[in-house]
Amino acid sequence: MTELLPHKVLREDRDDGVILLRSGYEMSAPAAKTTDWLDRWAHEMPEALFLAERAGPAWREMTYSEARDMVQALASGLLARGLAPGAPLMILSGNGIDHAILTLACQWIGIPTVPLAEQYSLIPGAETHISQIAHTVRPAAVYALDGDLFARALGLQAFEGLPKFVSRNAHPVQTRLDVLMKESADPGAAAAACGPDTVVKILMTSGSTSAPKGVETTHAMMCANQAQIADAMPFLRARPPRLVDWLPWNHVFGSSHNFNLVLAHGGSMHIDAGKPVPHLLGTTIENNRMIAGTIAFNVPAGFAMLRDAMREDTALRESYFRDLDMLFYAGASLPQDVWDDLEAMARDVRGDVPLFTSSWGLTETAPAALVQHEASATGAGVLGVPMTGVTVKAVPDADGRMDIRVKGPNVFRRYLNDPVRTVDAFDEEGFFITGDAMRFVDNGDITKGLRFDGRLSEDFKLTTGTWVRAANIRLEVLEHLKGLVQDVVLCGEGQARIGLLIIPLPEAEGTARDGVLDAPDLMQTILVRLSGRQTEGSATRIGPVAIVSEPPSIPAGEITAKGNLNFRRLLEKRAHVVDRLFDDEWPHVVMKDT
């Protein structure tokens with residue numbers, strides 16, 4: 001079993017009721033720049049595998065020395081084309097070796113990259129999101145993997161007159177990266193001017209509760225976070241990590257966390273083109289049969305799908321667990337049955353269980369701020385304790401729920417071109433206001449860590465004056481409706497009771513009418529399931545229920561780049577359904593009181 005570092009937490013209780021939490025361990029000295037890691041491994045182990053991606057039945061592989069050479073050549077080519085440090089380059093396509101090398105080239109000379117979800121380019125109607133982000137970012141150049149596949153997005157007016165780079169199928173106004181690498185300009189001055197405080201990445205927030213914001217991310221933020229992660233998990237320094245990973249690089253977890261984790265420790269990244277969706281899961285399964293990773297990162301839905309596959313696939317189970325140091329879930333809480341099954345499978349393969357854990361953070365914290373680095377005694381759902389160098393400010397309310405704020409070297413300083421929301425993001429002491437609420441797992445033992453208790457911005461108030469903790473209720477309802485629905489959205493702001501919009505599975509049958517799905521059998525099954533969780537209090541009891549007839553739309557902004565629901569936008573777009581939900585005269589497709 002992986003050797004673990006026990007939790008150690010320092011607590012300070014202030015007279016105003018605020019609680020300050022810090023790690024009991026000292027933070028290690030971070031690297032100055034992310035490209036220092038590349039320089040180190042290219043020098044110390046030039047032939048070691050750094051990146052790999054599928055190319056037919058085999059893998060296209062790149063060593064650290066090859067990556068370093070390409071980074072230098074691309075950086076020279078970018079400067080030769082007139083790109084200047086500080087001028088952003090937008091990336092439209094998903095994870096890949098060329099994406100990685102271009103990103104590192106930009107980081108070497110101080111050009112911020114802006115990776116976007118490739119769905120924005122490939123789903124008709126979603127390109128408006130690219131134009132909106134481009135208006136905020138004001139890119140100086142744009143890159144996409146394939147000139148044909150991304151032709152519509154590359155042709156947007158927002159990119160008119162800008163240099164356009166592709167890896168293949170270049171159109172007349174586009175330049176292939178292999179051609180760009182043959183152009184030359186001296187990168188010495190730009191590289192020397194690039195330091196820890198240089199902004200080298202702009203990551204867009206998910207936009208699930210407000211309009212997306214551009215988080216200016218520096219070398220120092222990312223380097224500090226990798227030092228903090230390694231402080232909590234010393235095994236990373238003992239054995240270079242080997243990942244088979246699909247998590248998208250337009251999101252902070254896939255890029256700043258996972259990609260940098262590999263780079264910081266001289267590990268290898270096998271880029272998985274699969275995803276935890278039915279038509280791509282087979283790719284993920286095949287890749288994990290071929291490559292035995294030492295760390296498995298995934299979202300709860302992904303772990304659940306792999307669990308189901310491994311019940312029958314012994315080869316996959318053997319490869320998956322054989323060398324694992326850690327399983328790490330991100331996003332929503334992992335269902336306990338998935339946790340238990342994966343632990344049992346690990347014991348069956350190897351006789352013990354690797355660290356099964358999670359952490360917590362946001363785009364603004366680069367990303368990890370809390371981490372569970374000892375085995376959890378309570379199973380899934382624990383977020384952990386402060387990382388080294390991080391101070392957590394917990395502001396309790398009358399119910400013991402705590403508004404969580406953070407400060408540390410991994411925390412951002414400002415949003416791009418948004419001074420108003422930058423000021424609003426910090427309290428009077430300079431702590432970043434995360435908007436998340438938490439509770440102690442055990443009030444008598446703070447080393448047990450913190451547990452998520454909802455997103456404050458998702459809470460709303462009923463006309464009774466009662467606050468509804470929407471995030472917690474949503475997760476509870478989803479557990480009751482597991483396997484029956486895709487998602488649910490709570491509503492009821494300014495109403496006397498909580499309403500529930502059901503987003504059904506794609507195969508749900510019924511008659512669409514006025515924005516809802518008339519599906520009596522499905523509704524009856526939902527109501528039977530919900531009857532098992534009903535309570536008497538208005539703060540938790542579900543009132544009217546409706547099944548929506550149209551799935552959430554990426555072009556309409558109802559789904560974020562992370563694939564999460566944008567609750568606020570969805571309720572705005574379906575205001576007519578919400579209004580009628582609380583109208584007692586509306587047809588029987590809405591259950592008035594469960």
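Just so you know, these numbers come straight off a predicted model, no measurement behind them.
For the ring-ring contact (aromatic ring centres under 6.0 Å, His included) test, no residue two or more places apart in sequence or in another chain qualifies with Trp37. Scored by the salt bridge (charged side-chain N to carboxylate O under 4.0 Å, His left out) test, Arg40 finds Glu44 as partners (sequence neighbours excluded). Every residue two or more places apart in sequence or in another chain that forms a salt bridge (charged side-chain N to carboxylate O under 4.0 Å, His left out) with Asp453 is listed here: Arg401, Arg439. Under the salt bridge (charged side-chain N to carboxylate O under 4.0 Å, His left out) criterion, Glu318 pairs with no residue at all, not counting sequence neighbours. For Asp445, the salt bridge (charged side-chain N to carboxylate O under 4.0 Å, His left out) test picks out Lys448, with sequence neighbours left out.
The ring-ring contact (aromatic ring centres under 6.0 Å, His included) contacts involving residues 390-414 comprise Phe412-Tyr415, Phe412-Phe426, Phe412-Phe432, where partners must be two or more places apart or lie in separate chains.
Salt-bridge annotation for Glu429 and Lys393: present, with a side-chain N of the basic residue lying under 4.0 Å from a carboxylate O of the acidic one.
For Trp339 and Phe356, the ring centers sit closer than 6.0 Å to each other.
Under the ring pair (Phe, Tyr, Trp, His ring centres under 6.0 Å) test applied with Phe253, the options Tyr329, Phe328, Trp360 reduce to a single match, Phe328.
In this structure the side chain of Glu558 never reaches within 4.5 angstrom of the side chain of Asn566, judged on heavy atoms.
In this structure a side-chain-to-backbone donor-acceptor pair under 3.5 Å is missing from Ser256 to Ala366.
Ring orientation note: the planes of Phe259 and Phe50 are tilted relative to one another, at an angle of 30° to 60°.
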